[in-house]
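Accompanying notes for the structure given below.
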Amino acid sequence: MNTDLLNLFDCDETKLRSLLAEALTGADDGELFVEHAQAESLTFDNGRLKGGSFNTDQGFGLRSVAGEAVGYAHAGELSAAALSRASDAVRAVTAGYSGSYAAAPQRTNKKYYGDENPIGSPSFEEKVRLLTEIDAYLRSKDDKVRQVTATVSASWQVVDILRADGHRVQDIRPMTRINISVVVGDGDRQESGSFGTGGRIGFGDFVTEGNWQTGADEALRQALVNLTAIDAPAGTMDVVLGSGWPGVMLHEAVGHGLEGDFNRKKTSAFAGLLGEMVAAPGVTVVDDGTIDNRRGSITIDDEGTPSAYNVLIENGKLVGYMQDRQNARLMGVQPTGNGRRQGYAYTPMPRMTNTYMLGGDKTPEEIIASVKKGIYAVSFGGGQVDITSGKFVFGCTEAYMIENGRIGPAIKGAMLIGNGPDAMRRVSMVGNDMKLDTGIGNCGKGGQWVPVGVGQPHLRMDQVTVGGTKA
């Protein structure tokens with residue numbers, strides 16, 4: 001397709017610019033966000049192709065910002081008439097208001113991923129064959145396998161951002177993902193395991209036999225471990241978190257609290273704490289949208305600001321928040337490239353990209369050996385976080401007891417309970433094995449979902465509340 005999205009309107013660019021300039025007269029900021037998106041997903045379950053979808057969507061969103069107020073209108077029709085109607089709607093926010101239009105974002109010549117559409121390759125038939133092979137492979141590995149669910153999905157998003165000052169930027173964003181889940185059983189007991197991988201690249205190596213078999217083996221291994229797990233104890237104890245995906249707890253319990261809008265409105269547990277120690281010494285947390293091909297990476301955010309490597313907590317001290325343009329202006333700081341939106345029907349807001357903790361100087365073996373009695377949390381499932389208080393609850397999908405510095409039996413039903421800022425102060429050892437997740441993260445906020453990455457090294461946290469199922 002034509003990736004010059006302004007050419008899809010029924011009028012020339014000069015007319016579009018004129019309508020945009022009229023719509024944003026007197027505004028502090030704003031833009032025309034145009035999007036074309038395609039998405040495909042195939043799901044194989046219980047030995048058959050159970051679901052398949054292919055969607056194409058396109059449209060525009062027009063935003064006008066006046067102080068703390070935002071006027072927003074969107075349409076799936078790319079026409080001068082639709083843009084004119086949207087212009088009439090958003091001008092209501094500047095009635096009686098006279099702002100000074102903010103300077104445009106800096107341009108960038110950096111690109112962190114390719115622009116090829118991954119949906120067409122491999123073909124539909126090849127994807128179905130792959131899913132069939134995954135199902136057959138896992139069922140042949142162990143007679144305890146009762147259910148296999150495998151999904152391949154891909155998307156391709158083209159965005160075009162035009163400002164009233166004439167500044168225009170474009171980005172093309174591919175995405176792929178493969179997920180495998182397995183249910184195993186022994187008698188009346190059933191347990192599950194899962195593995196997923198993805199990123200802003202084509203399917204490529206993901207679909208080679210060696211790679212998908214490794215992922216399938218991991219899902220089965222986790223399920224079989226959980227099948228032998230004993231009930232988790234409850235109480236206060238030392239906890240070791242594994243590297244990689246366990247960084248999702250950092251993302252939820254700390255990351256959201258460091259987004260600019262929550263801090264400007266003083267609804268975050270971290271509000272007003274810039275320059276203060278909010279974590280143990282040795283803890284450094286960054287948000288980095290500039291990692292090649294990663295799921296959470298973006299060349300530019302959805303306001304046109306180049307993505308960046310942003311240090312949030314440095315050696316325990318809070319040094320910055322993640323900002324979109326509106327909150328940055330109201331807080332008197334610079335945007336950080338974190339203004340993101342789900343699509344053209346949504347307004348941008350401060351959102352994470354790839355958020356992770358930097359590595360320290362301890363080996364994973366040293367960290368585990370230091371714990372007399374505690375929990376080793378290797379992987380997490382769902383969790384709940386209250387941004388204002390920082391309180392969180394996270395369920396472990398794979399965890400073990402630690403007894404006298406050694407990994408003991410697998411446990412099920414373990415829940416980590418705590419408060420984000422307090423939990424960061426309980427970090428007593430930081431591993432030297434920082435790892436990002438395999439590319440499966442999605443983040444929800446304000447009814448919008450965007451792809452993200454998480455990561456961390458092995459960590460020891462002292463005296464954390466653990467909820468268990470042991471009677």
Side-chain angles (χ1 to χ4, degrees), residues 138-139 141-149 179-197 213-250 363-383 392-418 429 431 433 435 437-438 440 454 456-471:
L138 282 166
R139 293 182 185 278
K141 291 282 288 186
D142 198 295
D143 59 10
K144 294 185 178 68
V145 173
R146 294 186 176 177
Q147 182 175 2
V148 177
T149 304
N179 277 85
I180 303 169
S181 65
V182 186
V183 176
V184 297
D186 187 3
D188 293 334
R189 180 172 176 177
Q190 294 190 145
E191 300 290 348
S192 63
S194 63
F195 178 83
T197 186
Q213 284 186 358
T214 299
D217 288 342
E218 174 60 19
L220 178 58
R221 182 202 64 79
Q222 187 182 92
L224 292 173
V225 165
N226 288 331
L227 194 60
T228 65
I230 62 175
D231 287 331
T236 301
M237 60 193 77
D238 298 334
V239 173
V240 175
L241 304 183
S243 60
W245 177 245
V248 68
M249 192 176 86
L250 176 74
T363 67
E365 293 78 15
E366 286 180 289
I367 295 174
I368 292 169
S370 72
V371 177
K372 185 175 182 180
K373 185 176 181 180
I375 299 291
Y376 179 30
V378 176
S379 187
F380 288 113
F392 64 79
V393 178
F394 273 92
C396 300
T397 55
E398 182 181 351
Y400 303 84
M401 290 299 301
I402 301 177
E403 299 167 341
N404 296 317
R406 295 178 180 273
I407 297 175
I411 55 175
K412 64 174 184 175
M415 305 287 291
L416 302 190
I417 304 167
M429 300 177 77
D433 62 334
K435 183 172 69 174
D437 77 288
T438 55
I440 58 173
V454 301
Q456 67 175 41
H458 272 76
L459 302 176
R460 171 174 165 162
M461 300 170 63
D462 294 342
Q463 297 299 288
V464 176
T465 300
V466 177
T469 53
K470 188 175 182 179

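The main-chain N or O of D231 is never found under 3.5 Å from a side-chain atom of T469 such that the two would form a donor-acceptor pair. Here the side chain of W245 pairs a donor or acceptor atom with the backbone of F380 at under 3.5 angstrom. Side chain of Q456 to main chain of G242: a donor-acceptor pair is present (N/O by atom type, distance under 3.5 Å, no hydrogens or angles). The backbone N or O of T438 lies less than 3.5 Å from a partner atom in the side chain of T197, making a donor-acceptor pair. Judged by distance alone, the side chain of D238 and the main-chain N or O of D462 form no donor-acceptor pair under 3.5 Å.
By the 4.5 Å heavy-atom criterion applied to side chains, Y400 and P409 are not counted as neighbours. Using a 4.5 Å heavy-atom cutoff, the side chains of V145 and L220 are in contact. With contacts defined as side-chain heavy-atom distances shorter than 4.5 Å, the pair V184/D142 does not qualify. The closest side-chain heavy-atom distance from Q147 to S192 is not below 4.5 Å. Side-chain contact between T236 and V466 is absent, with no heavy-atom pair separated by less than 4.5 Å. A 4.5 Å side-chain heavy-atom check between L138 and I180 finds at least one atom pair inside the cut-off.
Using a cutoff of 4.0 Å between basic side-chain nitrogens and carboxylate oxygens, K144 and E191 are not scored as salt-bridged.
The minimum heavy-atom distance linking I375 with A399 is given by the pair CG2-CB, 4.4 Å. Nearest heavy atoms, V225 versus A410: CG1-CB, 3.6 Å. Shown here for P246 and A377, the closest heavy-atom pair between the two residues is CG-O, 4.2 Å. When all heavy atoms are compared, the tightest approach of G413 to A232 is C-CB, 4.1 Å. Of all non-hydrogen atoms in I417 and G467, the two that sit nearest each other are CD1-N, 4.1 Å. When all heavy atoms of A223 and G193 are compared, the pair lying nearest together is CB-N, 3.4 Å.
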Could you please spell out the steps behind the side-chain contact (heavy atoms from CB on, under 4.5 Å) verdict for N226 and K412? CA-CA 7 Å; N226 288 331; K412 64 174 184 175; 5.7 Å; no
Given side-chain contact (heavy atoms from CB on, under 4.5 Å), test V240 with I402 step by step and report yes or no. CA-CA 9 Å; V240 175; I402 301 177; 3.7 Å; yes
From CA spacing to verdict: side-chain contact (heavy atoms from CB on, under 4.5 Å), D437, V248: CA-CA 9 Å; D437 77 288; V248 68; over 6 Å; no
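Within a 6.0 Å radius of CZ in R221, other residues, nucleotides and ligands contribute more than 12 heavy atoms.
In this structure, R146 CZ and Q190 CD are separated by 4.5 Å, a value rounded to the nearest 0.5 Å. For the atom pair NZ (K435) and OG (S243), the distance works out to 4.0 Å, reported to the nearest 0.5 Å. With rounding to the nearest 0.5 angstrom, the CD1 atom of I368 is 4.0 Å from the CD1 atom of I407. Between atom OH of residue Y376 and atom CD of residue E403 there is a gap of 15.5 Å, rounded to the nearest 0.5 Å.
For the pairing with L241, the side chain to side chain contact (heavy atoms under 4.5 Å, CB included) check across M249, R460, H458 returns one residue only, M249.
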